[in-house]
Amino acid sequence: MDKVRIGIIGLGNMGTGHAKYLVNNEVKGAKLTAICEFRADRLEWAKENLGEDVQLFDNLDTFLASGTIDGVLIATPHYDHPEVAAKAFQAGLHVLCEKPAGVYTKQVRQMNEAAQASGKVFSMMYNQRTNPLYKKLKDLVSSGELGEIRRTNWIITNWYRSQSYYDSGGWRATWAGEGGGVLINQDPHQLDLWQWTIDMMPKRVRAFCYFGKHRNIEVEDDVTAFVEYENGATGLFVTTTGEAPGTNRFELSGDRGKIVIEDGKLTFWRLRVSEREFNETFKGGFGQPEVWKCEIPVEGQETGHKGITQNWVDAILHGTPLVAPGEEGIKGLMLSNAMLLSTWTDNWVDLPIDEELFEQHLQDKIKNSKVNKEAGFKTLDV
């Protein structure tokens, strides 16, 4: 194989964007050969803009069995991701899935099992993993430069969304339509990077989610979560869509200093000796370790969606290691599920979460949601 024939499932905002760079041959070794979409107007757009070589389907099973594709890029509504991916694996196809991996971890775990059974290449569209800032941060942590992690803080409140945004679609910000609010829609990248950069998941979570606090919606739009790690470190995650101006600041404190990513810069306050060593040897009463403020050079460019797609194609053709293995999509989702479950039960939640209990609470929310789940799936524009 010298070309991966790709089919896109879903032509909403994200699917359309993927189709444009693929049809323009901006991913080496890839060729867009098919589209699967339920909506006639989007199929008409594809017919007019993607050329005669791209076959169009309005039935998923026919599309998967067509023989025109080697892999699929899934850009459907959130709830559909695991089910569609599992069908693609069963059809012997490689899968690249848009974030989030799904809405609840039980569903995503079943998708991961299907992926492992298929032996096909599975990747998640975690395009922020190509951002040089976070790649450098991961390098500093994994190399031991920061020492043992003591604290993680991420304030990500620059997701401002007005009421008109939520009113633009009846499925928006509903349990049945999207499966959640700021955690499932705006924060999947940060929740992924939070654990990916330090290669460590919390052991338990205590969160306070507020539902419709700032807007007339039924899902969470303001969240403060506290986490504890196995090594004794703690962490804080704060997010909202109702604050202006917002902040995006990721801060890691370790035994050898502190790293902050904010305003597109990575700053390392590096201790000359570790805090542990200083504490053991210093006898002067008041005092602290000598600290150097280092502006860390960050090289390279963020390759974004195209970079993840290129990496997936290279993995299929050449065995290149994946930047964002699909099976890792469950980790960020586990964090958001834990935050919601902690709020719903008004208690600490251990990780991995009780998946049956989470699904039970979610289904109760769906029953009382503003939109009907079955009616919403085929009309959502992601």
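Everything quoted here is computed from the prediction, not taken from an experiment.
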Just by distance, do the side chain of [X] and the backbone of [Y] share a donor-acceptor pair under 3.5 Å?
{"X": "Asn24", "Y": "Lys20", "value": "yes"}
{"X": "Ser66", "Y": "Phe63", "value": "yes"}
{"X": "Glu220", "Y": "Leu183", "value": "yes"}
{"X": "Thr239", "Y": "Ile156", "value": "yes"}
{"X": "Thr303", "Y": "Lys306", "value": "no"}
{"X": "Asn49", "Y": "Trp45", "value": "yes"}
{"X": "Thr197", "Y": "Leu137", "value": "no"}
{"X": "Gln107", "Y": "Tyr79", "value": "yes"}
{"X": "Thr157", "Y": "Gly246", "value": "no"}
{"X": "Thr130", "Y": "Gly307", "value": "no"}

Side-chain heavy atoms nearer than 4.5 Å, only ILVMFWY residues, links allowed to pass through others: does that put [X] and [Y] together?
{"X": "Ile9", "Y": "Leu56", "value": "no"}
{"X": "Leu322", "Y": "Val72", "value": "no"}
{"X": "Met111", "Y": "Val84", "value": "yes"}
{"X": "Ile74", "Y": "Leu22", "value": "no"}
{"X": "Leu140", "Y": "Trp292", "value": "no"}

Q: Go through the steps to decide whether Thr224 and Tyr210 satisfy the test side chain to side chain donor-acceptor pair (under 3.5 Å), and finish with yes or no.
A: CA-CA 9 Å; Thr224 297; Tyr210 298 87; over 6 Å; no
Flag the pair [X] / [Y] as yes when at least one side-chain heavy-atom distance between them is below 4.5 Å, and no otherwise.
{"X": "Tyr160", "Y": "Tyr165", "result": "no"}
{"X": "Arg249", "Y": "Ile261", "result": "no"}
{"X": "Trp196", "Y": "Arg129", "result": "yes"}
{"X": "His81", "Y": "Lys99", "result": "no"}
{"X": "Trp175", "Y": "Asp364", "result": "no"}
{"X": "Val223", "Y": "Val238", "result": "no"}
{"X": "Asn185", "Y": "His78", "result": "yes"}
{"X": "Thr309", "Y": "Tyr21", "result": "yes"}

Under 3.5 Å, which donor-acceptor pairs do the side chains of residues 350-360 form with other protein atoms, sequence neighbours left out?
from, atom 1, to, atom 2, distance (Å)
Asp354, OD1, Glu356, N, 3.3
Asp354, OD1, Leu357, N, 3.0
Glu355, OE1, Arg109, NE, 3.4
Glu355, OE2, Thr105, OG1, 3.0
Glu355, OE2, Arg109, NE, 2.9
Glu355, OE2, Arg109, NH2, 2.7
Glu356, OE1, Lys106, NZ, 3.4
Glu356, OE2, Lys106, NZ, 3.3
Glu359, OE1, Lys106, NZ, 3.1

Under 4.0 Å between a Lys/Arg side-chain N and an Asp/Glu carboxylate O for [X] and [Y]?
{"X": "Arg172", "Y": "Glu218", "result": "no"}
{"X": "Arg204", "Y": "Glu228", "result": "yes"}
{"X": "Lys120", "Y": "Asp70", "result": "no"}
{"X": "Lys331", "Y": "Asp192", "result": "no"}
{"X": "Glu44", "Y": "Arg39", "result": "no"}

Q) Yes or no on side-chain contact (heavy atoms from CB on, under 4.5 Å) for Phe250 and Phe237, after CA distance, side-chain angles and deciding distance? A) CA-CA 9 Å; Phe250 187 21; Phe237 190 86; over 6 Å; no
To the closest 0.5 Å, what do you measure between [atom1] ([X]) and [atom2] ([Y])?
{"X": "Ile316", "Y": "His94", "atom1": "CD1", "atom2": "NE2", "result": "4.5 Å"}
{"X": "His189", "Y": "Met124", "atom1": "NE2", "atom2": "CE", "result": "9.0 Å"}
{"X": "Thr241", "Y": "Asp222", "atom1": "OG1", "atom2": "CG", "result": "8.0 Å"}
{"X": "Leu146", "Y": "Ser253", "atom1": "CG", "atom2": "OG", "result": "7.0 Å"}
{"X": "Leu341", "Y": "Asn337", "atom1": "CG", "atom2": "CG", "result": "8.0 Å"}
{"X": "Asp58", "Y": "Ile35", "atom1": "CG", "atom2": "CD1", "result": "13.0 Å"}

**Q.** Non-hydrogen atoms of Ser342 and Asn347 that approach each other most closely
**A.** OG-O, 2.6 Å
Q: State, to 0.1 Å, how close Ala207 and Thr343 come at their nearest heavy-atom pair, and which atoms those are.
A: O-OG1, 3.3 Å
Q.
Is it the case that over 12 heavy atoms from other parts of the model lie below 6.0 angstrom from the CD atom of Gln301?
A. no
**Q.** side-chain contact (heavy atoms from CB on, under 4.5 Å) between Thr267 and Lys293, worked out
**A.** CA-CA 7 Å; Thr267 305; Lys293 182 180 179 181; 3.9 Å; yes
Q.
Using the rule given for ring-ring contact (aromatic ring centres under 6.0 Å, His included), can you reason through Phe122 versus Phe89, listing the C-alpha separation, both sets of side-chain angles and the distance that settles it, and then say yes or no?
A. CA-CA 9 Å; Phe122 178 31; Phe89 289 128; 5.2 Å; yes
Q | Qualifying residue for salt bridge (Lys or Arg N to Asp or Glu O under 4.0 Å) with Glu145, from Arg270, Arg256, Lys258, Lys138 | A | Arg270
Q: Not counting sequence neighbours, which residues clear salt bridge (Lys or Arg N to Asp or Glu O under 4.0 Å) with Asp255? List them please.
A: Arg150
Q | Partners meeting side-chain hydrogen bond (donor to acceptor under 3.5 Å, both in side chains) with Asn153 (sequence neighbours left out) | A | none
So, [X] versus [Y]: side-chain donor-acceptor pair below 3.5 Å or not?
{"X": "Glu302", "Y": "Gln128", "result": "yes"}
{"X": "Trp194", "Y": "Thr152", "result": "yes"}
{"X": "Glu148", "Y": "Asn231", "result": "yes"}
{"X": "Gln310", "Y": "Trp312", "result": "no"}

Q | Verdict with supporting geometry, Arg272 and Glu277, salt bridge (charged side-chain N to carboxylate O under 4.0 Å, His left out) | A | CA-CA 10 Å; Arg272 189 172 185 182; Glu277 179 183 346; over 6 Å; no
Q: Please say whether the positively charged group of Arg276, taken as NZ for Lys or CZ for Arg, lies over the ring of Phe278, i.e. under 6.0 angstrom from the six-membered ring centre and within 45 degrees of the axis.
A: no
(Q) Determine whether Thr16 and Arg42 satisfy the following criterion, side chain to side chain donor-acceptor pair (under 3.5 Å), listing intermediate values before the conclusion. (A) CA-CA 9 Å; Thr16 299; Arg42 298 310 297 151; 2.8 Å; yes
